[in-house]
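Note that these values count all heavy atoms, side chains included, but never hydrogens, waters or copies made by symmetry. Reminder, nothing fancy here: chain letters follow the sequence lines and each chain counts from 1.
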Amino acid sequence: MINDITPYLILSAALFCIGLYGLLARRSLIGILIATELILNAANINFLTFSRFMDVDKAVGQIFTLFVIALAAAEVAVGLSIVLVVYRNFNTINVEKMDHLKG
Amino acid sequence: MNLPILSIILLAPLLAMALILFVKEENSRLIKSIALIGSGISFLGSIYLVLAYDYHSAEFRWVEQWFEVPGWGIQFILGVDGLSIPLVLLTSIIIFSGVLVSQNLKFRVKEFFALLLLLVAGAYGVLLVLDLFFFFLFYELAVIPMFLLVNIWGTGNKTYAANKLTLYLLAGSGLVLFGFFILYFVSGLNTFNLKDMLELASFSPGMQKGLFILFLIGFGTLSATWPFHTWSPDGYASAPTAASMLHAAVLKTLGAYGILRVAVALFPEGAHYWQWLMLSFGVINILYAALCVIVQKDLKYIVGYSCVSHMGIVMLGIGTLTQAGLNGAMFQMFSHGIMTALLFASVGYIYEAKKTRNLDDLKGLFKEMPKASTFFILAGLTCLGLPGLSGFVAEFLVIYATFSVSYVFGSLALLGLVLSAIYILRILKSSFWGVPSDKSTAPVGVDHNWKTALPQYILFSFLLLLGICPMILIQFISQTSIVLLRGY
Amino acid sequence: MSHLALLNISVFSNFVAFLLITFFLKKKEQRFLAAKVAITLSGLGALVSCVLLFQRFHLDIALTASVTWLKWNTGELLIGYYLDKVSLMMLTTVCVISFMVQMYSFWYMKDDAGIRRYYGTITFFSWAMIFFVVSIDLFGSYIFWELLGLASYLLIGFWHEKPEPRRAAIKAFIMTRFGDLGLLAAVILLLVKLKTVAIPVLITAAGTLLSPQEVFWIVVLLFLGVMGKSAQFPLHSWLPDAMEGPTPVSALIHSATMVAAGVYLLVRLFPLIAFSESAMTYILCIGALTSLIAAVMALTEKDMKRILAYSTVSQLGFMVMAIGAGAWQGGFFHLLTHAFFKSMLFLLAGYFIHMAHHSNDIFSMAKVSYGTKSKLMVALLWVGSLALCGLFPLSGFLSKETIFGSLMEGHHYGVYGVALLISFLTAYYTTRMAFIVSRNGEVVDAQENSLPLYMKISVSFLGLMTLIGFWIFLPALTEFFHLHSEWHAEQWVNFFITTIGVVLAIGVSYFYFGRKQATSEKGWVSFIPGLSGLIENKFFVDHFWKWVVDKGVYRFSRMSFWTDVHIINVIVDQVGLTAIRCGKKAAALQMGQVQQYIITAVVVSLFVVIYLIFGK
Amino acid sequence: MWFYSVETFLVLASLFFFSWSLRKEVHLTLFHKLVGWAGFLVLLSALFSFDFRGVFFQEVYVMDGFSQLMKVILVLGYFITLFLAQEVKDVDGKHQPEFYLFLTTSTLGMVVLVSAKDLITLYTALELASYSLYLLIPMRSNGKGSAEASIKYILIGIAASGIMVYGFSLLFGLTQTTYLNEIAAQLPLLYQMPIFWVAFFFSLAGFFFKLSFFPFHAWTPDVYEAGNTQVIGFISTVSKIAGLSVLIRFMLLAGETAHVLDDVWVAIAIATMTIGNLSALIQKDLKRLLAYSSIAQAGYLLVGVLCISEKGISGAIYYAAAYLVMNLTAFFIISQLSKNGNNVPTSAVKGLFKRSPLLALTLLISFFALAGIPPLAGFTGKWFIFSAAVNSGYNVLALVAIFNSIISLYYYLMVVKDAYSDEGIEAGGLEPIRLKPAYQIYCYLSIAVLVVTGFFPHLFMSLTKQSIAVFF
């Protein structure tokens, strides 16, 4: 079971779908940021699985995961600062309220 | 000394325009004189062309090539032959008299003359250039200034008219653009050079039929063929005099010139296949527009519709695909251009004097301003096809050619002559003869002095000259029409 | 001086006058000088044409001089002269009459402000007519045919202040223009078939080259042009209305020159027309019909100029009928004689109207006494009227006799009977007019009747021509017009029948109008039921044309403008508006919800991926 | 060689701006002069490094003709933005240095993106560029509008990059390599596997977002409307061209095998153009109108790229360069029109010819160029792209593109009409706009560039042809 690749792929695909669902369904901005984190981690799992099971240079998968983790951190930092700006202006983080720009 | 005469004709208006942009708005006299000099230079250039062209050979003369874009088959190459020289002369006559007519313009003189010169530079470009890329570049360049001219100096619901005019013509030119690309791809010569295509290219019959109809509709919109003509009356009614003079006289002819130069020259089978369509377009144009004129109440609409009707004669002439027909069509292009310019100039003059163009409240103009109305009457008589004036020669040649092709179309075209007589005489009856209405707003002494009448004298002298001895123009064209028809 | 130079002078003298008047003598006070210049130059033209006549009449070869006007690969058009016997005689008649009329109109138009414009147009007209007469090419004649139409339009509408002349002018132009289409079509068909329309070629070779079918159609189309210009049956209603113009204009245009142009063209192209029998009969019927209808309409007319107009239409119909029956020499001879006495009658009408304070009504003329009426004018009136009836010594008799003679020889007895009826009616209404106008009324007004000498000369010269002019030239004309120098039995029979008819008509009209106590106005017409009603509304021809124009032209133009505005424009605008409507919808997609954007993005990506998986 | 390269100069510039941002109070006028010169120095380095060639860091980072040319175009855009953003009115004083810092880092990211040949560098460069842009939007001090725009921008950005990374991971799994050229080499045998399409299309999501193609275009109007004018100018041109260059690089690498995706590309191109043009017809706000017009322009660029022929791609590069100049000039005009940085309705353009004839002429030239009217560069670019499309057989696509550009004429011409007509404005209503001498020079330069490259395209075309010659 452990040496087979498919469960890992299924896990990462499931994680990806949950993240996507969270991104589209959650009302609060924080929830959406968390969901994006899930998507990125799903990608990480994929990278690690492939580097583990495929006859590929092990380092490449792991390096890619490290980059993704680092950039995810930066992403959250930027995301949260913008959520702060939004909260100060709209004093709500309900994403449906922010629809003044349309048409 | 072979000085590059064609580039001088093309660059004179452009340089004049550039110069005008740097002149301050206040000294309008300087602006007007620059415009006059610019158009004057190209006028002299075109006269030189006319005198120096030996009409026995039909291939392109004074060919100049400036630069080329490698790999894309584009090159800036200028050249003229029997077909384009008369039209270059026509353009310079019209711009010269157009500039003269708008000498007393007060409102935003700088932009007006800049746009007018840009428009005429576009027209020159189309006539002189032999490369499809630059042909299209100047073809659209000749349409765009009209948008601003109508919007800023126009009258009536000018925004609607300007939008309709520009978008309609550019939609037509969109078809032409698509046609050029297909032409480039199908001709296999990997070049946009029209000169090489005319000599070397050969197309399959099916492709010829498709491309011919594409160019016919594309160029037809500009030369106001029947279903695509509605932009021209509205556009000209709202446009200022000089702009509508230039547009009606020169740009409409560019449409017909495009059909001749590109469609008829390259696609013989296509032309034969669609001949019936061209003939019916021509006849419908003549009759339909002439009928529309009869119920018009606004002078400029009348001239606009009569212009559409006369372009029908050109289309009919081209449709016959005989030498007489093509001669007649090219002759009509020239004479129609000058006649419409004269009509618009006189209507413009009457409008400035009487501040109204409605037939009902224009009464007894002949009594009030005899000289101005004589010019309108003389132009009306040309439009009527009176022998001794150039309109008749073109109509005769075209109707003769149509009769030699099919009696039905010929007799229908004949009816057009009566209709044009009816609407012209109705205008003369209702607003020129008779006693001036008491509420005549015009101050006394409004009639032309020789300075304001100079453009009209120039225009009418050409009409009369060509009416009396048409061989001057026909010899130019007959050689080229033989070459154009070599594939038939 | 070579004959060609003489011909150039006679043709272009009027044109020079026209140029001088329009471009050089522009100032107000020069208007009488302009008139004098016009008269002297047209006099010179008339003199030169007479000299030309004497020098060339006996020659048989024709003078031709032409230049290529327009040439292309399948055709050629010439402009130039072709002077044979027929055109020579016509040239002289036109030149002389136009000179006389211009001289007369100096008196008639003296106090009119637009005299300069009048003389400019009338000289232009004379030039166009003269050049038409001698032009070598049918195309050249078409060009001057149209210029005649324009000049007549300008002259009919001369007093354009009043609305009636404007309407009459436009009616005249449109009707003749409609007719000209026929001529243009004929010219084009000939050009298509024969590559040239030079008259010498048409007369000699055309018949053989064309099939009878084609000749028939070409002649019918040609005749449509003639019907327009020479006011034949359906297109004749413009001529009576054309009387709105000044009387000397009617004297020149609507009696001698323009209306005669159509008949002259038929005479000119008779060798071509003779090739198709059916066309000849067609021409015959139209001519007879026109003649009859016009004669009937003139019976009860009160306006003197309209009587003369109807009589012109009737006489033209008579000539066309004669040509239709093959007697083209008689028709042409009648054309020449008719030109002289009819223009004289019109000039006299001008005098009587002028004398009766500008009222055209013959009964008001009747009231004026001999004190004011000049005896000479009344005498000339009688000379002209009797010539019109065709009584013995006058020129009218000579030409009518030739026509009746050739009809008799050609055994066209039916046509002979109709001709007799027409000449009876003509004699009746002409003498009716003469009797009424020449009554010695009791009104004497102070206006002295000292007519200037040149006016008297011009009118009496025409009178002389009708009285003895043609007798002098008779020996020269006999062989051309196949007149019989000595008369045999049929000629005497023919003479008696026609003269009895005319005398009978004169007697009837004397009974109704000539006697002192005669008071009736309509004569025997009032006895025939319905006829006067029919005459009142001119045989419904005008109503027909009104219906055609209103129902045809105006309805179609309203319809086409309606389609233009409501169908084509609407479609064009809708195309624009649909673009804008789609724009509104496309912009509405942006609801502002961020998650909505992402959902659409993800869903579309899924669709694409699914398409790629299963599509490829 | 590395010292003079664009990348180093950009890093130096960002360090320079970063040092300025640490200061307590910022002496603005002096600072703004330095900004101009910094931009100019970076441009010089780009021009200087135009003919650098080489592969670095184990073939991860390549400098070939194509990348150096695109770097020049990107840095040109960066320089113009800095040059025109000398007095940014709607960003308060103390944030000014950060404003330019993030602009520089974003350009650095894009420059690296252009040379990247490996998924990791691609991803990091893309994120660097995007995050600096996410931070620039909220800097504008107009409250609700910029906040909402920034959150929208970042949410869609993050979503797109998340999907992209997932795509990359699948791609990595399928091809066991992260080098683009090796992936491209294995493409033919990957087509049979359905999972490949999921991987491929997901990994394109990030670039669709950058280029604002059809599925990922929805953020553009809102962000353009609320963002600061200079930044939006930068985003609409430089970041779009960066995305385009990655797409071009991938097309060049894939070569003929990429034609299998043709009908998808055609559908996306038509959708992008039509939606962009149609929605722009009824826009009332000038920046929102330009947003939709930039979506439509992206559609035209895609038409050029999807032909995957030498003509098509060199035409697309030519049109991208022309588009950069046109759009930056248009946004410059909007920034001059708006009083204190707030938005400009289309009616505000009325009577511009009276307020400043030069600005009106620049507006006319730039909007006519955007509409594709001869003799300007826009028209010549469209000519190249459409003729390439017809050459590669996409006749229907070319016809749709031609009629789209005719539809687009309407809203461009209406703006120009308002600029040149003065009905409905009472006499005194127009106060003249005074342009700084530097801006006047810019106006003359942009007009000259658009007209000259329009009429004489061969000057620039020979450059583009060499740069992509190596791939055909």
Q: Do B:Leu291 and C:Met559 pass the side chain to side chain contact (heavy atoms under 4.5 Å, CB included) test, and can you show the C-alpha distance, the side-chain angles, and the key distance before you say yes or no?
A: CA-CA 9 Å; B:Leu291 284 170; C:Met559 228 166 55; over 6 Å; no
Q: Test C:Tyr142 against B:Phe392 for ring pair (Phe, Tyr, Trp, His ring centres under 6.0 Å), laying out the working first.
A: CA-CA 11 Å; C:Tyr142 175 76; B:Phe392 169 72; 5.8 Å; yes
Q: Is a donor from one side chain sitting under 3.5 angstrom from an acceptor on the other, for B:Tyr423 and C:Ser557?
A: no
Q: With sequence neighbours excluded, tell me which residues meet ring-ring contact (aromatic ring centres under 6.0 Å, His included) with B:Phe460.
A: none
Q: If you define the side chain from C-beta out and look only at heavy atoms, does anything of B:Phe366 sit under 4.5 Å from C:His160?
A: yes
Q: Who among B:Asp234, B:Val293, B:Val418, B:Asn327 has the most heavy-atom pairs with chain C under 4.5 Å?
A: B:Val418
Q: Quick one: NZ on B:Lys164 to CG on C:Asn569, what's the gap to the nearest 0.5 Å?
A: 3.5 Å
Q: Pick one of side chain, backbone, both or neither for B:Tyr305, based on which atoms fall under 4.5 Å of a heavy atom in chain C.
A: side chain
Q: Looking at chain B, which one of C:Ile170, C:Thr68, C:Leu147, C:Ile567 has the largest number of heavy-atom pairs inside 4.5 Å, strictly under?
A: C:Ile170
Q: Please state whether the side chain, the backbone, both or neither of B:Leu167 comes within less than 4.5 Å of a heavy atom of chain C.
A: neither
Q: Do B:Phe403 and C:Leu191 have side chains that get closer than 4.5 Å, going by heavy atoms?
A: no
Q: Do you know which of B:Ala401, B:Ser404, B:Ala421, B:Pro470 has the most heavy-atom pairs with chain C at a distance under 4.5 angstrom?
A: B:Pro470
Q: B:Tyr400: what forms a ring-ring contact (aromatic ring centres under 6.0 Å, His included) with it, not counting sequence neighbours?
A: C:Trp72
Q: State the CG-OG distance between B:Leu287 and C:Ser560, to the nearest 0.5 angstrom.
A: 9.5 Å
Q: State, yes or no, whether a side-chain contact exists between C:Lys71 and B:Ile474 at a heavy-atom distance under 4.5 Å.
A: no
Q: Tell me, side chain or backbone of B:Ile482 under 4.5 Å from chain C's heavy atoms, or both, or neither?
A: neither
Q: Let me know if C:Lys193 has heavy atoms under 4.5 Å from chain B in its side chain, its backbone, both or neither.
A: side chain
Q: Which bit of B:Tyr160 is near chain C, if near means a heavy-atom gap under 4.5 Å: side chain, backbone, both or neither?
A: side chain
Q: Please list, in residue-number order, every residue in residues 172-180 of chain C that has a heavy atom less than 4.5 Å from any heavy atom of chain B; write 'none' if there are none.
A: C:Phe173, C:Ile174, C:Arg177, C:Phe178
Q: Let me know if C:Ile571 has heavy atoms under 4.5 Å from chain B in its side chain, its backbone, both or neither.
A: neither
Q: Is it the case that over 12 heavy atoms from other parts of the model lie below 6.0 angstrom from the NZ atom of B:Lys297?
A: yes
Q: Do C:Tyr554 and B:Val295 come within less than 4.5 Å of each other through their side chains, counting heavy atoms only?
A: no
Q: Could you grab the distance from atom CG of B:Leu428 to atom CG of C:Leu154, nearest 0.5 Å is fine?
A: 9.5 Å
Q: Looking only at heavy atoms, which of residues 380-389 of chain B get nearer than 4.5 Å to chain C?
A: B:Leu381, B:Leu384, B:Gly385, B:Leu386, B:Pro387
Q: Please determine whether the number of non-hydrogen atoms from other residues, nucleotides or ligands lying under 6.0 Å from atom CH2 of C:Trp159 exceeds 12.
A: yes
Q: Heavy-atom pairs under 4.5 Å with chain C: which of B:Phe228, B:Tyr407, B:Trp231 has the most?
A: B:Tyr407
Q: Which one, C:Val572, C:Asp564, C:Val553, C:Thr74, leads in non-hydrogen pairs under 4.5 Å with chain B?
A: C:Asp564
Q: By a 4.5 Å heavy-atom criterion (distance strictly below it), what part of C:Tyr153 contacts chain B: side chain, backbone, both, or neither?
A: side chain
Q: Check whether B:Ser478 gets within reach of chain C through its side chain, its backbone, both or neither, counting any heavy atom under 4.5 Å.
A: neither
Q: Which heavy atom of C:Arg166 sits nearest to which heavy atom of B:Lys429, and what is that distance?
A: NE-O, 3.7 Å
Q: Chain C heavy atoms under 4.5 Å from B:Gln296: which part of the residue, side chain, backbone, both or neither?
A: side chain
Q: Name the region of B:Ile422, side chain, backbone, both or neither, that has any atom closer than 4.5 Å to a heavy atom of chain C.
A: both
Q: Taking atom CZ of B:Phe396 and atom CG of C:Leu184, what is their separation to the nearest 0.5 Å?
A: 6.5 Å
Q: Checking heavy atoms, do the side chain of B:Asn163, its backbone, both or neither come under 4.5 Å from chain C?
A: neither
Q: To the nearest 0.5 angstrom, please state how far the CG atom of C:Leu70 sits from the CD atom of B:Gln475.
A: 11.0 Å
